[in-house]
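Notes follow the structure.
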Amino acid sequence: MGPHPAVAAIRLAVRRVLHDLLTEHHRTTAALPHAPSHELPPPPLVLVACSGGADSMALASALAFESPKLGIRAGGVTVDHGLQPGSDLRAAEVVLRLRELGLDPVDSVAVTVGRAGGPEAAARDARYAALDTAAERHGAAAVLLGHTRDDQAETVLLGLARGSGIRSLSGMAAVSGADGRYRRPFLELDRQTARKACMVQSLPVWDDPHNADPAYTRSRLRHEGLPALEKALGKGVVEALARTARLSRDDADALDSWAAQAEATVRDAAGLLECAKLYALPPAVRRRILRRAAIAAGAPAGSLFARHIEEVDRLITGWRGQGAINLPGKVVARRQGGRLVIRQG
C-alpha cells in the first residue's frame, strides 16, 4: 500500500524540483575540466526554509524522504524574527524537528525586523536576507520555500489591490532569486494538502498567531477576503487566481525581454534616453524601460510603484514643460533638451 495521497503529492512535487537541481548540477560538473573522482564537487546541498508551520514542515519531510534517493544532501534553516515572546524557544523546537527528520546542517538564524515598507514587508526582507546568508555560508544550491497555491492566490489579489500592473499579478515564481536560489515546489498544491500530509505523518506543526491577526493585510485577505470571494463567485477562485499568475508571468516575461532589447535602441551616444524614440514604443515596453532606468539610478525596486512610473511617463507622452519628478531613493527624473535624465538628486 502506497503513501497517503497528500503525502504522495508533496513528495512528487519535491522530487521534480530535486531532479531539476540534480540535472543542473550534472551540467555544471560536466563543464568543469577533467579531474580525478576524488576532486569532483560534492553532491548539491538543498536547504528547506522552515517556520514550523504545516506548509514548511510538509516540505521538510518530503525533502528528507526524497533527497537520499537522489544522492542530494539536505539541510534546513529556520528564521527567528523575534516578533513574539518565546520566539527563540520556538526556533529551537523547529531545529530539533528538522534534525529528527535527518536533515543536516540545520541552522536557526535570529534577525532584527525593521520598519521599512510596513511590518509584513520588513519581516519578509529580513527573512530573505537571513536565508541568503545561510545559503551562501553552506554553499547551498537552492533553498526550498513552502508557498502553496493559496499563498499564490493571495499574492495575486494583493498585487491587484495595489494596481501595480501585470508583473504584480504574476505572483511568485517557481524559481527566483540569485542564480535561481529559491524554489517553490508547492505552487500547484493547496494549503490543505500540506496540512493533511503533516497530519497523516503525525508531524507536529505550529500555527503562527500572526497568520490570524487582522492587523496584517494578508491575514485579513486570507480569513475574510478570499472566503467572501468564494461565497460570491463559487469555488475555484483560488485555482483561477493561481492560473492568472502563470499566464501573467508568461506575458510579463515576454514584455521584459522586449524592453531589455529595445532599451539600447532608445539611448543616444552618451547613453541618455531619447524622448522621441521612447514615445514611439508601446506603452507597456516604454514603462518597463523607465522602471529599469529608475532602478539603475538607485530607486529601490520595492518602493517604486506604478504611479511613480506613470508620472515619469508623462514627461514623454504629456510634455508641457512640467518640472522634475521625485522618485523613491532620492532619484529625480527630468526632461532636458529632448532627453530623459534620471539620476539621484
Side-chain angles (χ1 to χ4, degrees), residues 1-32 35-78 94-108 131 134-149 173-177 179-205:
M1 183 176 177
H4 186 279
V7 176
I10 66 167
R11 287 178 179 175
L12 177 59
V14 169
R15 190 183 314 141
R16 286 171 173 164
V17 170
L18 295 184
H19 269 296
D20 290 344
L21 288 166
L22 202 55
T23 299
E24 293 168 17
H25 175 74
H26 288 158
R27 190 180 300 124
T28 301
T29 303
L32 295 173
S37 58
H38 65 275
E39 294 181 9
L40 291 176
L45 169 66
V46 177
L47 300 177
V48 58
C50 187
S51 66
D55 301 341
S56 58
M57 281 303 298
L59 182 58
S61 71
L63 175 63
F65 182 83
E66 294 292 338
S67 58
K69 296 192 292 184
L70 294 172
I72 289 177
R73 296 176 296 145
V77 57
T78 187
V94 174
V95 167
L96 182 60
R97 290 175 190 171
L98 295 180
R99 287 180 175 153
E100 288 174 346
L101 288 172
L103 300 182
D104 180 50
V106 176
D107 280 355
S108 172
L131 293 175
E136 289 162 10
R137 182 170 63 253
H138 292 293
V143 177
L144 305 188
L145 304 175
H147 297 122
T148 64
R149 187 170 65 191
V175 179
S176 65
D179 298 321
R181 169 175 290 159
Y182 293 108
R183 311 288 172 121
R184 297 178 175 87
F186 289 175
L187 287 183
E188 302 295 328
L189 300 177
D190 61 28
R191 190 174 288 141
Q192 193 58 38
T193 297
R195 184 168 289 276
K196 191 170 294 183
C198 289
M199 182 181 67
V200 299
Q201 294 178 100
S202 299
L203 290 173
V205 299

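Contact of the Pro185 side chain with the Leu59 side chain is registered, since non-hydrogen atoms from C-beta on lie closer than 4.5 Å. Put simply, the side chain of Val77 does not reach to within 4.5 Å of the side chain of Leu98, judged on heavy atoms.
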Set out, in order, the CA-CA distance, both residues' side-chain angles and the distance that settles side-chain contact (heavy atoms from CB on, under 4.5 Å) for Leu12 and Arg15, then state yes or no. CA-CA 5 Å; Leu12 177 59; Arg15 190 183 314 141; 3.7 Å; yes

Which is it for Leu22 and His26 under the side-chain contact (heavy atoms from CB on, under 4.5 Å) test, yes or no, and what are the steps along the way? CA-CA 6 Å; Leu22 202 55; His26 288 158; 3.7 Å; yes

Before you tell me yes or no, could you show the steps for Val17 and Val14 under side-chain contact (heavy atoms from CB on, under 4.5 Å), namely the whole-Å CA-CA distance, both residues' side-chain angles and the distance that decides it to 0.1 Å? CA-CA 5 Å; Val17 170; Val14 169; 5.7 Å; no

As a quick check of understanding, evaluate side-chain contact (heavy atoms from CB on, under 4.5 Å) for Val7 and Phe65, giving each step before the final call. CA-CA 11 Å; Val7 176; Phe65 182 83; over 6 Å; no

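Between the side chains of Thr193 and Asp190, at least one donor-acceptor pair of N or O atoms lies under 3.5 Å. Checking Ser176 against Arg184 by side-chain atom types alone, a donor-acceptor pair falls below 3.5 Å.
Classification of Glu24 and Arg27 as a salt-bridged pair fails, no side-chain N sitting under 4.0 Å from a carboxylate O. Electrostatic pairing of Arg137 and Asp107 counts as a salt bridge here, judged by a charged N lying under 4.0 Å from a carboxylate O.
The shortest non-hydrogen separation linking Leu189 to Ala13 is CD1-CB, 4.1 Å. For the residue pair Leu101 and Ala64, the shortest heavy atom distance occurs at O-CB, 3.5 Å. The two residues Val205 and Arg195 make their nearest non-hydrogen contact at CG2-NH1, 4.1 Å. The heavy-atom pair separating Ala135 from Val143 by the smallest distance is CB-CG2, 3.9 Å. Closest heavy-atom contact between Pro44 and Ile72: O-CG2, 3.5 Å. Shown here for Pro3 and Arg11, the closest heavy-atom pair between the two residues is CB-NH1, 4.0 Å.
Side-chain atoms of Glu66 never come within 3.5 Å of backbone atoms of Ala62 as a donor-acceptor pair (strictly under, hydrogens ignored). Of the possible donor and acceptor atoms, one in the side chain of Arg73 sits under 3.5 Å from a partner among the backbone N and O of Pro43. No side-chain donor-acceptor contact under 3.5 Å links His138 to the backbone of Ala140.
In this structure, CZ in Arg97 is found 10.0 Å from OG1 in Thr78, a value given to the nearest 0.5 Å. We find the SG-CG distance between Cys50 and Leu144 to be 11.0 Å, quoted to the nearest 0.5 Å. To the nearest 0.5 Å, atoms CZ (Arg181) and CG (Leu145) are separated by 11.0 Å. Atom CD1 of Ile10 sits about 12.5 Å away from atom NZ of Lys196, to the nearest 0.5 Å. Atom NE2 of residue His147 and atom CG of residue Leu187 lie 8.5 Å apart, to the nearest 0.5 angstrom. Atoms CE and CD, from Met199 and Gln192 in turn, are 8.0 Å apart once rounded to the nearest 0.5 Å.
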